[in-house]
Amino acid sequence: MENEETKISFEKAENYFKKGNFQQAINEFDIILEQSPDDARCYNKLGVCHAQLKDFVKAKSYLEKALVLNIKYPEPYNNLGNIYLEEKKYEKSIEFYKKALELNPDYAAAHSNLGLAYKRTKKIDEAIKHFKRMAEIERRAPISEIKKIRITKNTKSKMILFILILTSIFILWIFLKK
């Protein structure tokens, strides 16, 4: 992401995606690529959109392009794993999920997906291990979110206090000047 306009466009595309309007999201992500042709996140999102539309050939090409641009980006590996899981190519999906987890060992979705792939290949002990790991990660996540909320709340309170003090000083200055 290079500039504020691109950031806003990306958020707009993400909103279409979250609402399930994948074609409109694709249109928005395509516009972003015209401005930022080396944006791996954008290629990843385009891959996911096409996967949602069951166009796995296009989805794979976008996800592979994201990896060409950034080989250390775990999400495209996870998303390729999802496509191979959908195509019942379980060993291939396991390979991609493992790669995502090499890059980010705390990637909850990849643990969950890997657990599912192991379940489908009847490797129940491995499946349970990854489902448990996903649950551990997910349990920690809300705590970090609460901390963020507290920090934001404290920051807002301090800003309000600062503005009140500043306003009081200004009013006092006006009265003393008279």
Side-chain angles (χ1 to χ4, degrees), residues 1 6-142 144-145:
M1 296 283 128
T6 304
K7 185 177 177 184
I8 291 168
S9 295
F10 198 89
E11 288 172 8
K12 184 178 176 184
E14 287 254 279
N15 284 332
Y16 282 123
F17 177 84
K18 287 175 187 172
K19 292 176 183 173
N21 190 343
F22 302 115
Q23 192 55 58
Q24 189 61 40
I26 288 168
N27 295 342
E28 293 297 325
F29 286 124
D30 282 338
I31 292 168
I32 295 167
L33 283 181
E34 289 173 13
Q35 299 165 354
S36 303
D38 294 334
D39 190 331
R41 286 188 331 148
C42 199
Y43 281 102
N44 179 62
K45 290 293 186 176
L46 278 163
V48 175
C49 287
H50 284 288
Q52 289 293 326
L53 296 172
K54 304 293 185 205
D55 186 348
F56 296 137
V57 173
K58 257 189 188 172
K60 285 178 193 175
S61 69
Y62 281 112
L63 294 168
E64 288 164 358
K65 176 68 174 176
L67 291 174
V68 167
L69 293 169
N70 185 353
I71 198 162
K72 296 193 184 268
Y73 184 24
E75 282 81 2
Y77 290 105
N78 182 62
N79 294 328
L80 281 163
N82 290 341
I83 292 171
Y84 287 114
L85 188 70
E86 183 79 18
E87 293 177 334
K88 297 181 172 61
K89 297 177 181 173
Y90 302 123
E91 294 304 322
K92 191 104 173 141
S93 70
I94 289 169
E95 177 185 323
F96 280 98
Y97 295 137
K98 283 182 174 180
K99 183 63 180 172
L101 289 170
E102 282 175 30
L103 296 168
N104 181 0
D106 289 336
Y107 192 174
H111 279 289
S112 178
N113 294 334
L114 182 55
L116 183 58
Y118 277 133
K119 181 180 176 235
R120 291 195 181 159
T121 58
K122 310 288 188 233
K123 296 176 184 173
I124 303 304
D125 290 339
E126 286 295 311
I128 291 169
K129 180 177 109 177
H130 287 283
F131 288 139
K132 282 182 179 178
R133 181 70 182 121
M134 183 269 307
E136 289 170 11
I137 295 165
E138 289 294 317
R139 264 197 307 270
R140 282 191 328 226
S144 65
E145 290 302 312

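Bear in mind that the values here come from a model prediction, so they are computed numbers and not experimental data.
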(request) Apply salt bridge (Lys or Arg N to Asp or Glu O under 4.0 Å) to the pair Lys99 and Glu102, showing each step before the final yes or no. (result) CA-CA 5 Å; Lys99 183 63 180 172; Glu102 282 175 30; 3.7 Å; yes
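- Looking at Arg133 and Glu136, a side-chain N of the basic residue comes within less than 4.0 Å of a carboxylate O on the acidic one, giving a salt bridge.
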(message) Set out, in order, the CA-CA distance, both residues' side-chain angles and the distance that settles salt bridge (Lys or Arg N to Asp or Glu O under 4.0 Å) for Glu126 and Lys119, then state yes or no.
(response) CA-CA 8 Å; Glu126 286 295 311; Lys119 181 180 176 235; over 6 Å; no
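- Salt bridge Glu87/Lys60: present, at least one basic N to carboxylate O contact under 4.0 Å.
- Considering every non-hydrogen atom in both Ala66 and Pro76, the closest pair reads CB-CG, 3.8 Å.
- The heavy-atom pair separating Ile94 from Ala117 by the smallest distance is CG1-CB, 3.6 Å.
- For the atom pair NZ of Lys58 and CG of Leu46, the computed distance is 9.5 Å after rounding to the nearest 0.5 Å.
- One finds the OG atom of Ser93 at 8.5 Å from the CG atom of Asn113 (value rounded to the nearest 0.5 Å).
- For the atom pair Leu114 CG and Glu95 CD, the distance stands at 12.0 Å (nearest 0.5 Å).
- Shown here is Ile71, whose CD1 atom has no more than 12 heavy atoms of other residues, nucleotides or ligands within 6.0 Å.
- Judged by distance alone, the side chain of Ser112 and the main-chain N or O of Ala109 form no donor-acceptor pair under 3.5 Å.
- In this structure, Lys54 pairs ionically with Glu86, as a charged nitrogen and a carboxylate oxygen lie closer than 4.0 Å.
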(request) Give the C-alpha distance, both sets of side-chain angles, the deciding distance and a yes or no for side chain to side chain contact (heavy atoms under 4.5 Å, CB included) between Arg120 and Tyr118. (result) CA-CA 5 Å; Arg120 291 195 181 159; Tyr118 277 133; over 6 Å; no
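- The cationic atom of Arg41 (NZ for Lys, CZ for Arg) lies less than 6.0 Å from the six-membered ring centre of Phe10 and within 45° of the ring axis.
- Scanning all heavy atoms of the two residues, the minimum distance from Ala127 to Gly115 falls at CB-O, 3.2 Å.
- With values rounded to the nearest 0.5 angstrom, Asn79 atom CG is found 8.0 Å from Lys45 atom NZ.
- Taking the side chain as every heavy atom from C-beta outward, Leu67 and Leu80 approach each other to under 4.5 Å.
- The aromatic rings of Tyr84 and Phe96 lie parallel to each other, with less than 30° between the two planes, well short of the 60° mark.
- Taking the centre of each ring, Tyr97 and Tyr77 stay at or above the 6.0 Å mark.
- Rounded to the nearest 0.5 angstrom, Leu69 CG and Asn44 CG are separated by 11.0 Å.
- The shortest heavy-atom contact between Ile137 and Ala108 is CG2-CB, 3.8 Å.
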(request) Report the C-alpha distance between Leu53 and Ile26 in whole Å, list the side-chain angles of each, state the deciding distance to 0.1 Å, and finish with yes or no for side chain to side chain contact (heavy atoms under 4.5 Å, CB included). (result) CA-CA 11 Å; Leu53 296 172; Ile26 288 168; 3.7 Å; yes
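- Both the sub-6.0 Å distance and the 45° axial angle are satisfied by Lys65 relative to the ring of Tyr43.
- The aromatic ring centres of His111 and Phe131 sit 6.0 Å or more apart.
- Cys49 and Ala25 get closest at one heavy-atom pair: SG-CB, 3.8 Å.
- Distance check, rounded to the nearest 0.5 Å: NE2 of His50 to CD1 of Ile83 gives 10.5 Å.
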(request) Any chance you could lay out the side chain to side chain contact (heavy atoms under 4.5 Å, CB included) test for Asn78 and Tyr107, step after step, and finish with the verdict? (result) CA-CA 9 Å; Asn78 182 62; Tyr107 192 174; 3.4 Å; yes
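- Summarising the geometry of Gln35 relative to Thr6, their closest heavy-atom pair is OE1-OG1, 3.4 Å, with the distance given to 0.1 Å.
- A donor-acceptor pair shorter than 3.5 Å cannot be found between the side chains of Tyr16 and Asn27.
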